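When reading the values below, keep in mind they use all heavy atoms of this one structure, side chains included, and skip hydrogens, waters and symmetry mates. Predicted, not measured: the structure shown is a model, and the values here were computed from it. By convention in this document, chain letters (A, B, ...) are assigned in the order of the sequence lines, proteins followed by strands, and residues within each chain are numbered from 1.
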Amino acid sequence: MELSTRVNPKDYEDDIYAFWLKNNLFHADENSLALPYSIVIPPPNITGSLHLGHALNVTLQDILIRFHKLKGYETLWIPGTDHAGIATQNVVDRKLAKEGISRAELGREKFVEEVWKWRGVSGSSILNQLKRLGVSCDWERERFTMDGDLSAAVKKVFVSLYREGLIYRSNYMVNWCVRCHTALSDLEVDFEDEAGFMYNMRYPLKEGGFVEIATTRPETYLADSAVAVNPADTRYKRLIGKTVILPIINREIPVIADEYVDMALGTGCLKVTPSADPNDFVIGKRHALPEFQCMDESGVIVVSPFDGLDRFAARKKVVDEFARLELMGEVSPITHSVGHCYRCAGVIEPRISLQWFVKVKSLAEKAVEAVENGKTRILPKVWESNYFEWMRNIRDWCISRQLWWGHRIPAWHCKCGHITVSEDDTPSVCEKCGGTEITQETDVLDTWFSSALWPFSTQGWPKETGLLKKFYPTSVLVTAFDILFFWVARMMMFGLKFMGEVPFRDVYIHALIRDEKGEKMSKTKGNSIDPLEMADAYGADVLRFSLAIFAAQGRDIRISKARIEIYRNFLNKIWNASRFIFINLDSELPDIKKIEIAELRDEDRWILTKLKSAVNTVEGSILNYCFNDAAAALYNFFWNSFCDWYIELIKVRIFKDDGKAAALAAAVYVLRKALAAMHPFMPFVSEHIWKNLTGGKTILEEGWTVGDFDFPGETAKIDRIIEFIGIVRNIRGEYNISPAKVLAVYATPKEAEIAHIIKEKEVLINSVTRLSAINFVDTFPDEAAAGAAADYTVHVPLAGLADIAGERARLTKECERLEKDLQAVSARLKNEGFLAKASHTIIEKDTLKKAELEKQILNIKTALEALASK
RNA sequence: GGACGAUUAGCUCAACUGGUAGAGCAACGGCCUUACAAGCCGUAGGUCGCAGGUUCGAUCCCUGCAUCGUCCACCA
């Protein structure tokens, strides 16, 4: 095969993906006898475009899926998209507006048609972007939350919960977005600190005088039903039961006593607006106060004389009018948090309206239990407490949305007042009175309602499918923490409720991606990095590997182009190491099994052993979701052990055809296993090289093996050789002795065990650091640079090579460093407390270390003396 | 207001249940050595945020503080 000197992922990534698809390698077989491993993708919104968060999310899932494929599991990874009610409706709304079409004119049916049209064109673009990253989803099983069978599942769940009394309809205070014209759940409101004003306003008492209340929303006075004071507040006690007159609109309202009022806050008098504030709503219920609306669903005031004004214009007008009437007290700037719609960012208005709710308490209890019992693990564990905290304080879930795009609530209203809830698409009669004039509820369901069914609705529920039988519960859910409550918690509740079993064994919560300064990435800030751009520039493999190696548990990921570029170099390294091996291969691929064990030299055995331990580390790390450790283990093994040492060590054998066959067989073997281990992280390049190596096979068939070889003795030996080479190189480096200069090296003592090892490997050593001779002696040469290992010293005569004073200074410094270490260890070993209480192994280790240090220091001192003699 | 996390080399991050700190990148010095200069070899860099405490011994455990970040709740 031909490989260019530099890797160019564009040359092969698309082809490789096509190759996988063509060979149906991502398809899950529900009839397989292999152990199942399954994941459902967190369905991206159809309005979404790929960002780094998605890239990280799917990379981690793909690593898990491909790893388990290699391990021989039957893997299922279901892809799909979410219809994303508000987000999508807004997008299409804006698109139509640009074309001069208003939603209202169009009407519901036509509008929904338009959304479907839009979805057909743009709705799966994000999935195509995922493909560019190499994800191994089973594309035949792609699902959409509004697919027919998924919608049927939604209906079934709704009807069943309703019949059980777990879904109810009630007039309640909800968060209302005046722009999206819909209710929002508590979770869908984003609070942000904003600068505003606290207005002190005076309400005249009927009997004369005033009460002064404080508010940040003066316009809501139009809907006031009372003024409340704390019953214990001596300042206002006399006012309780009196009447105040709301200025301008001249409504008479009572002064009431309620313990909710905090005497220390504001003026101690609280205006009570049951229709516009959640707390006031509760107070209103307690005192049976009337509820006045002051604005409509668009945030336009409906109370004369302010009617027709927008809420913020009305605020200004109210403030002006109060001031004119000399009823405005102090106005002070404050910072307070204001709720915003999580989709359109408009300011939320609390509003009383008739909505549908799910009674979640009993469901939540089960979901808590399941995690307590370990049926589902939430990892990293710190998130578990968040989950418990939220689940234990959960409030009923408002599931109705006043939108057009979404699952329309399967309820029909009859003139008789009865609501018929039915799975039947078009029930013709009221189930109570038999009347035929029934109309369907106009509200749709919260998007997360259908998402909550995702782990089983995507597998065919409510049918008892083979898929469900084999792959439910799913093995793991991989997601970021920001949808832990929105989604994970609700899947837990619904999974337990309708499948009688948790939806996943593990929940792995991964990091959030930030820019290099640690700030959240966003398009508006202009600090976002486009994953597709990165994939194009460096290859999808590089992006994936970067994300994986940064994905340490419990920590956000800071990313920048520069940090990604580092791993482009790694890709190039993999490429070139493979190229080197290819170049030296004969026509037939060597097979280590055809090589006599005896032909494997120590360095071959060394790399085979290192391979095994590296792959073991990778496997263990993946299983513990420590993706960064796994990636780092691969990086270090491949670059350091395999490229820097092993390939360098066997070059002489390859070039001189001395033990070449065994070297190449071992090299190919290691390369193959390493590529397989790398495959979950860098699927394209590993597959590409594999294909070329094997003549068109897929790496997925090779499977995951740790390697069959383990030679601890030989490995230790080569480790010592590496140490020796390191000492010589160090001396070369320190004195700028050219690598080309052939050196004579002396080592001592003659009888050291290492002497035999080094003698035996002289040729090997010479091949990587040129030495004319290695002499083991008992007396040191004069004027020599020295380097020390624990049990021997290396000397390189410096005559004509470097300055003696410099070497003396260097050795002195080295000596000082070692003595400092020695001092610490000795002190500890003299400490009676330490000797009495520390474990034997620690004491032994320290004793050994002390002896080593002493020897090393002695060696260096002797070397120094030798230098001093001249 | 409640809670959680982070703080380690210039940068980005490691260090299992306490045994005295490691890697990559950057920096510096030297190499175009026939896979790779997107490379090779080597060197230097840290009172582990601050202050106490427990312990023979603390980056690790406890307390307090500081800075940064996040979540939840409240906000008249």
Side-chain angles (χ1 to χ4, degrees), chain A residues 3 5-7 186 191 193 198-201 212-217 228 261-262 264-273 277-280 334-338 380 382-383 385-386 389-390 393 481-482 484-485 512 514 516 518-520 538 549-550 552 554-560 562-563 565-584 628-629 632 635-636 639-640 643-644 647-648 651 655 725-726 729-740 768-770 810 821 824-825 827-828 831-839 841-843 845-846:
Chain A
L3 290 174
T5 45
R6 282 194 185 179
V7 61
D186 293 337
F191 283 92
D193 275 348
M198 179 67 75
Y199 302 90
N200 281 15
M201 294 159 71
E212 190 165 302
I213 57 88
T215 180
T216 54
R217 294 186 297 157
V261 180
D262 186 337
L265 270 177
T267 59
C269 292
L270 175 69
K271 69 193 268 304
V272 182
T273 325
D277 181 281
N279 292 309
D280 294 7
I334 56 155
T335 303
H336 60 149
S337 74
V338 178
V382 285
W383 294 109
S385 48
N386 280 51
E389 176 75 10
W390 192 75
N393 298 308
F481 75 88
D482 51 353
L484 184 60
F485 306 141
L512 238 48
R514 302 178 175 281
E516 51 210 310
E519 287 177 34
K520 229 173 171 169
Y538 306 124
I549 205 164
F550 299 148
R555 195 186 261 272
D556 286 347
I557 296 176
R558 292 187 184 198
I559 208 161
S560 65
R563 296 194 69 196
E565 215 166 295
I566 293 166
Y567 299 99
R568 180 212 30 197
N569 298 356
F570 182 47
L571 175 69
N572 196 52
K573 195 72 182 173
I574 296 168
W575 185 261
N576 272 296
S578 308
R579 197 163 73 91
F580 174 78
I581 292 170
F582 272 109
I583 289 168
N584 290 291
N628 58 322
D629 292 338
Y635 184 92
N636 292 331
W639 202 312
N640 299 330
C643 293
D644 289 349
I647 290 185
E648 291 307 320
K651 271 182 181 170
F655 295 154
I725 294 168
R729 279 179 177 169
N730 179 339
I731 294 171
R732 272 193 198 275
E734 284 298 312
Y735 293 101
N736 286 345
I737 303 169
S738 151
V768 287
T769 182
R770 288 202 210 162
R810 193 180 73 86
D821 282 359
V825 178
R828 208 178 317 150
N831 184 327
E832 279 173 31
F834 176 72
L835 294 173
K837 292 184 182 173
S839 77
T841 47
I842 296 291
I843 295 177
K845 221 170 102 190
D846 271 0

To the nearest angstrom, how far is A:Asn386 atom CG from B:G5 atom P?
10 Å

Remember a base hit wins even if backbone is also touched, and classify A:Phe655 as base, sugar-phosphate or nothing at under 4.0 Å, heavy atoms.
sugar-phosphate

Provide the distance between the two P atoms, one in B:C25 and one in B:G39, to the nearest whole Å.
8 Å

Counting a pair only when it is Watson-Crick or G-U and both distances are under 3.5 Å, which runs of at least 3 such pairs involve RNA chain B?
B:1-7 with B:66-72, B:10-13 with B:22-25, B:27-31 with B:39-43, B:49-53 with B:61-65

Torsion-based syn/anti label for B:G45, 90° from 0 as limit:
syn

Kindly indicate whether the side chain of A:Asp644, heavy atoms from C-beta on, has any atom under 4.5 Å from the side chain of A:Lys573.
yes

How would you label the contact of A:Ala552 with the nucleic acid (heavy atoms, under 4.0 Å): base, sugar-phosphate, or nothing?
sugar-phosphate

May I ask you to test the A:Thr273-A:Arg217 pair for a side-chain heavy-atom distance under 4.5 Å?
no

Ignoring hydrogens and angles, answer whether the base of B:A73 and the side-chain atoms of A:Glu389 contain a donor-acceptor pair closer than 3.5 Å.
no

Of all heavy-atom pairs between A:Ile843 and A:Ala838, which one has the smallest distance, and what is that distance?
CD1-O, 3.8 Å

Side chains of A:Asn569 and A:Trp639: does their closest heavy-atom pair fall under 4.5 Å?
yes

Which is true for A:Asp644 with a 4.0 Å heavy-atom rule: it touches a base, it touches only sugar-phosphate, or it touches nothing?
sugar-phosphate

Less than 3.5 Å between a donor and an acceptor, one on the side chain of A:Ser337 and one on the base of B:C74, is that the case here?
yes

As a test of reading the structure: which of B:C13, B:G19, B:A35 is closest to the side chain of A:Phe834, going by heavy atoms?
B:G19

In whole angstrom, give me the gap between the P atoms of B:A15 and B:C74.
37 Å

Please determine, for the side chain of A:Phe580, which listed nucleotide (B:G19, B:A35, B:C71) has the closest atom?
B:A35

Which of the following nucleotides, B:A23, B:G5, B:A38, is nearest to the side chain of A:Val7?
B:A38

If I pick the P atom on B:C11 and the same atom on B:G30, what distance separates them, to the nearest angstrom?
26 Å

Euclidean distance, atom CD1 of residue A:Ile737 to atom P of B:G30 [Å, nearest integer]
14 Å

A:Ile559 CD1 to B:C11 C1', straight-line distance once rounded to whole Å
15 Å

Does A:Phe834 reach the side chain of A:Asp846, with side-chain heavy atoms less than 4.5 Å apart?
yes

For A:Trp639 and B:A35, give me the distance from atom CH2 to atom P, rounded to whole Å.
16 Å

Any chance you could measure A:Ile334, atom CD1, to A:Asp193, atom CG, to the nearest 0.5 Å?
10.0 Å

Checking all strands, does A:Tyr635 fall into the base, sugar-phosphate, or nothing category for heavy-atom contacts under 4.0 angstrom?
sugar-phosphate

Within the 4.0 Å heavy-atom criterion, would you say A:Lys651 contacts the bases, only the backbone, or no part of the nucleic acid?
base

Return yes if some donor-acceptor pair links the side-chain N/O of A:Asn572 with the main-chain N/O of A:Arg568 below 3.5 Å, else return no.
no

Can you name the nearest heavy-atom pair linking A:Ala577 to A:Ile647, along with the distance?
CB-CD1, 4.0 Å

Within this structure, what is the CG-to-C1' distance between A:Leu484 and B:C72, rounded to whole angstrom?
12 Å

Between A:Glu648 and A:Trp390, which residue's closest nucleotide on RNA chain B lies nearer the 5′ terminus?
A:Glu648

Check whether any side-chain N or O of A:Asn393 sits under 3.5 Å from a backbone N or O of A:Glu389 as a donor-acceptor pair, and report yes or no.
yes

Among the nucleotides B:U20, B:C36, B:A23, which one has an atom lying closest to any side-chain atom of A:Arg828?
B:U20

Please work out if A:Val261 contacts a base, only the sugar-phosphate, or nothing of the nucleic acid, heavy-atom cut-off 4.0 Å.
base

Taking B:C48 as the reference, what is the distance to B:C60 when you measure between their C1' atoms (whole Å, please)?
10 Å

Should A:Asn569 be listed as having a side-chain N or O under 4.0 Å from OP1 or OP2 of B:G39?
yes

Identify which nucleotide among B:G19, B:A35, B:C72 has an atom closest to any side-chain atom of A:Phe485, counting heavy atoms from C-beta outward.
B:C72

Spacing of the P atoms in B:U59 and B:U47 (rounded, Å):
13 Å

Counting the atoms with a prime plus P, OP1 and OP2 as sugar-phosphate, which does A:Arg770 contact under 4.0 Å by heavy atoms, base, sugar-phosphate, or nothing?
nothing

Rounding to a whole Å, what distance do you find between A:Phe191:CZ and B:A73:P?
7 Å

Got A:Leu265 and A:Leu270 here, is their nearest side-chain heavy-atom distance under 4.5 Å?
no

For residues A:Tyr567 and A:Tyr635, establish whether the separation of their ring centroids is below 6.0 Å.
yes

Nearest-Å distance once atom C1' is located in both B:G49 and B:C68
11 Å

P atom, B:A73 versus B:G24: distance in rounded Å?
45 Å

Select base, sugar-phosphate, or nothing to describe what A:Asn572 touches, counting heavy atoms under 4.0 Å on all strands.
base

Anything under 3.5 Å between a protein N or O and an N or O of nucleotides 42-47 of chain B, put it in a table, one pair a line.
unit_1: B:U43; atom_1: OP1; unit_2: A:Asn730; atom_2: ND2; d: 3.2

Side chains of A:Asn831 and A:Arg828 only: does a donor on one sit below 3.5 Å from an acceptor on the other?
no

Distance in angstrom units between A:Ile334 CD1 and B:C74 P, rounded
16 Å

Whole angstrom value for the distance that separates P of B:A38 from CD1 of A:Ile566:
15 Å

Under 4.0 Å, counting only non-hydrogen atoms across every strand here, what does A:Glu565 touch: a base, just sugar-phosphate, or nothing?
nothing

What does A:Trp383 touch in the nucleic acid at a heavy-atom separation under 4.0 angstrom: a base, only the sugar-phosphate, or nothing?
nothing

Is the CZ atom of A:Arg729 crowded by more than 12 outside heavy atoms at less than 6.0 Å?
yes

Return whichever of A:Ile583 or A:Ser385 has its heavy-atom-nearest nucleotide of RNA chain B closer to the 5' end.
A:Ser385

Look at all strands and tell whether A:Ile213 reaches a base, only sugar-phosphate, or nothing, counting heavy atoms closer than 4.0 Å.
nothing

Spacing of the P atoms in B:G10 and B:G46 (rounded, Å)
7 Å

